[in-house]
Amino acid sequence: MPNDRIPQGNGRRSGPRRFLELLQQEGAALLRLNVMFLLSCIPVVTLPPACLALHRAICRMEAGEGGRRRYWDAFRQGWRDGFAAFLLTALPLAAAGYGMWFYLRFAASNPLFYLPFMLCSTIFLVTLLSSTYLYGLLADGRALSKGTLRLALVLGVGKPLRAVLAALLWYGPLLAALLWFPLSGAYLFLIGFSIPCLMGRLALAPVLEGYGGAM
């Protein structure tokens with residue numbers, strides 16, 4: 001079992017050069033992976049395990065093991081972890097986001113309301129940063145355990161810039177595509193999820209190496 005100390009990178013390729021290499025080598029697989037992800041999300045309730053399966057398939061692809069062949073296996077095997085990870089991240093984000101909006105409305109008339117607003121803001125930010133690492137750790141094969149949650153929290157607080165970059169690479173293109181929908185329909189169908197997931201994975205790779213486990 002890897003320890004929880006934040007390691008130094010060992011020179012594994014990441015960043016723009018690795019991204020271009022994977023586009024050239026796995027372009028067709030990324031297209032198929034995106035379509036499979038969307039098909040598995042059609043029932044809507046399957047979105048949590050589908051998201052985890054996408055991250056795991058991208059992780060295997062980035063490691064040179066091929067992502068397409070592993071997607072459905074990861075989807076079938078990741079129901080428990082997928083739903084648990086979704087609830088552990090979505091619920092605090094939703095509650096903290098609502099708290100931020102609720103207390104900010106009264107802060108102008110009573111500055112004391114800034115205190116719970118700041119608390120909710122802190123919870124929202126820490127959860128967002130930690131959730132980025134949590135999905136990265138689960139994609140690497142770690143079990144969803146107290147140790148994994150603690151490590152995701154430590155990395156989210158200790159290495160926030162990588163988490164912010166990964167979140168921007170994942171949510172930024174998706175938000176832009178939704179704003180431009182339906183013009184962006186073809187983009188979303190073909191590469192709108194697999195490519196941002198790959199970019200986010202490469203942004204986290206220098207921090208996450210050394211923390212993987214067996215699938």
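These values consider heavy atoms only, across backbone and side chains, with no hydrogens, waters or symmetry-generated copies.
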* **Where Pro48 and Gly82 come nearest, the two heavy atoms and their spacing** => CB-O, 3.5 Å
* When you look at CH2 of Trp79, are more than 12 heavy atoms from neighbouring residues, nucleotides or ligands closer to it than 6.0 Å? -> yes
* To do: To the nearest 0.5 angstrom, please state how far the OG atom of Ser130 sits from the CG atom of Leu137.
  => 10.0 Å
* To do: Dump the intermediate steps for salt bridge (Lys or Arg N to Asp or Glu O under 4.0 Å) on Arg60 and Asp73, then the final yes or no.
  => CA-CA 12 Å; Arg60 302 279 74 80; Asp73 287 339; over 6 Å; no
* Measure the CD-CG distance between Glu62 and Leu204 for me, rounded to the nearest 0.5 Å. => 10.5 Å
* Asked: Is Val157 linked to Met118 within one hydrophobic cluster, defined over Ile, Leu, Val, Met, Phe, Trp and Tyr using a side-chain heavy-atom separation of less than 4.5 Å?
  -> no
* Verify same cluster id: Leu208, Leu153 (apolar side-chain graph, 4.5 Å) -> no
Run the side-chain donor-acceptor check on residues 89-96: report pairs under 3.5 Å with partners two or more places apart or on a different chain.
unit_1 : atom_1 : unit_2 : atom_2 : d
Thr89  : OG1    : Ala85  : O      : 2.8
Thr89  : OG1    : Phe86  : O      : 3.2

* Which other residues end up in the same hydrophobic cluster as Val44, if Ile, Leu, Val, Met, Phe, Trp and Tyr are linked when side-chain heavy atoms come under 4.5 Å apart? -> none
* Asked: Same hydrophobic cluster for Phe124 and Leu175, using side-chain heavy-atom links shorter than 4.5 Å among ILVMFWY?
  -> no
* Partner residues of Ala167 under the side-chain contact (heavy atoms from CB on, under 4.5 Å) criterion, sequence neighbours left out -> Thr132, Tyr171
* Residue pairs, two or more places apart or on separate chains, that pass ring-ring contact (aromatic ring centres under 6.0 Å, His included) and touch residues 136-162 -> none
* Structure fact -> The complete set of salt bridge (Lys or Arg N to Asp or Glu O under 4.0 Å) pairs with one or both residues in residues 118-132, sequence neighbours excluded, reads none
Please set out all donor-acceptor pairs under 3.5 angstrom arising from side-chain atoms of residues 98-117, sequence neighbours excluded.
unit_1 : atom_1 : unit_2 : atom_2 : d
Ser109 : OG     : Phe106 : O      : 3.0
Asn110 : OD1    : Leu112 : N      : 3.1

* Between OH of Tyr135 and SG of Cys59, what distance do you get to the nearest 0.5 Å? -> 15.0 Å
* Ala29 versus Met61, closest heavy-atom pair with distance -> CB-CE, 3.9 Å
* Asked: How many angstroms lie between atom CG of Leu202 and atom CD of Glu21, to the nearest 0.5 angstrom?
  -> 10.0 Å
* Between the main-chain N or O of His55 and the side-chain N or O of Arg201, is there a donor-acceptor pair closer than 3.5 Å? -> no
* Residues clustered with Leu161, ILVMFWY side-chain links under 4.5 angstrom -> none
* Among pairs that include at least one residue of residues 40-51, which meet side chain to side chain donor-acceptor pair (under 3.5 Å), considering only residues two or more places apart or in two chains? -> Ser40-Tyr71
* Is the closest side-chain heavy-atom distance between Leu88 and Thr127 below 4.5 Å? -> no
Please list, one pair per line, the donor and acceptor atoms closer than 3.5 Å that link side chains of residues 181-200 to other protein atoms, with sequence neighbours excluded.
unit_1 : atom_1 : unit_2 : atom_2 : d
Ser184 : OG     : Ala177 : O      : 2.4
Ser184 : OG     : Phe181 : N      : 3.4
Ser194 : OG     : Leu30  : O      : 3.1

* To do: Go through the steps to decide whether Leu151 and Arg142 satisfy the test side-chain contact (heavy atoms from CB on, under 4.5 Å), and finish with yes or no.
  => CA-CA 11 Å; Leu151 178 56; Arg142 287 184 67 108; 3.9 Å; yes
* Who else is in the cluster with Leu119 when I, L, V, M, F, W and Y are joined by side-chain contacts under 4.5 Å? -> Ile123
* Shared hydrophobic cluster, Trp180 / Leu38 (ILVMFWY, side-chain heavy atoms < 4.5 Å) -> no
* Structure fact -> Those residues at least two apart in sequence (or on a different chain) that pass ring-ring contact (aromatic ring centres under 6.0 Å, His included) with Tyr133 are none
* Structure fact -> Looking only at heavy atoms, the pair that brings Leu144 and Ala84 closest together is CD2-CB, 3.2 Å
* Nearest 0.5 Å please: distance from the CG atom of Leu155 over to the CZ atom of Arg150. => 11.5 Å
* Any chance you could lay out the salt bridge (Lys or Arg N to Asp or Glu O under 4.0 Å) test for Arg56 and Asp81, step after step, and finish with the verdict? => CA-CA 12 Å; Arg56 284 180 169 170; Asp81 285 353; 3.7 Å; yes
* Calculate, to the nearest 0.5 Å, the distance between atoms CG and NZ belonging to Leu165 and Lys159 respectively. => 13.5 Å
* Asked: Does the pair Leu39 and Val35 meet the rule for a side-chain contact (heavy atoms from CB on, under 4.5 Å), with working shown?
  -> CA-CA 6 Å; Leu39 290 176; Val35 174; 4.0 Å; yes
* To do: Check which hydrophobic residues are tied to Leu129 through side-chain heavy-atom contacts below 4.5 Å, counting indirect links as well, and list them.
  => Leu125, Val164, Leu168
* Asked: Does Val126 share a hydrophobic cluster with Leu87, counting links as ILVMFWY side-chain heavy atoms below 4.5 Å and allowing steps through other members?
  -> no
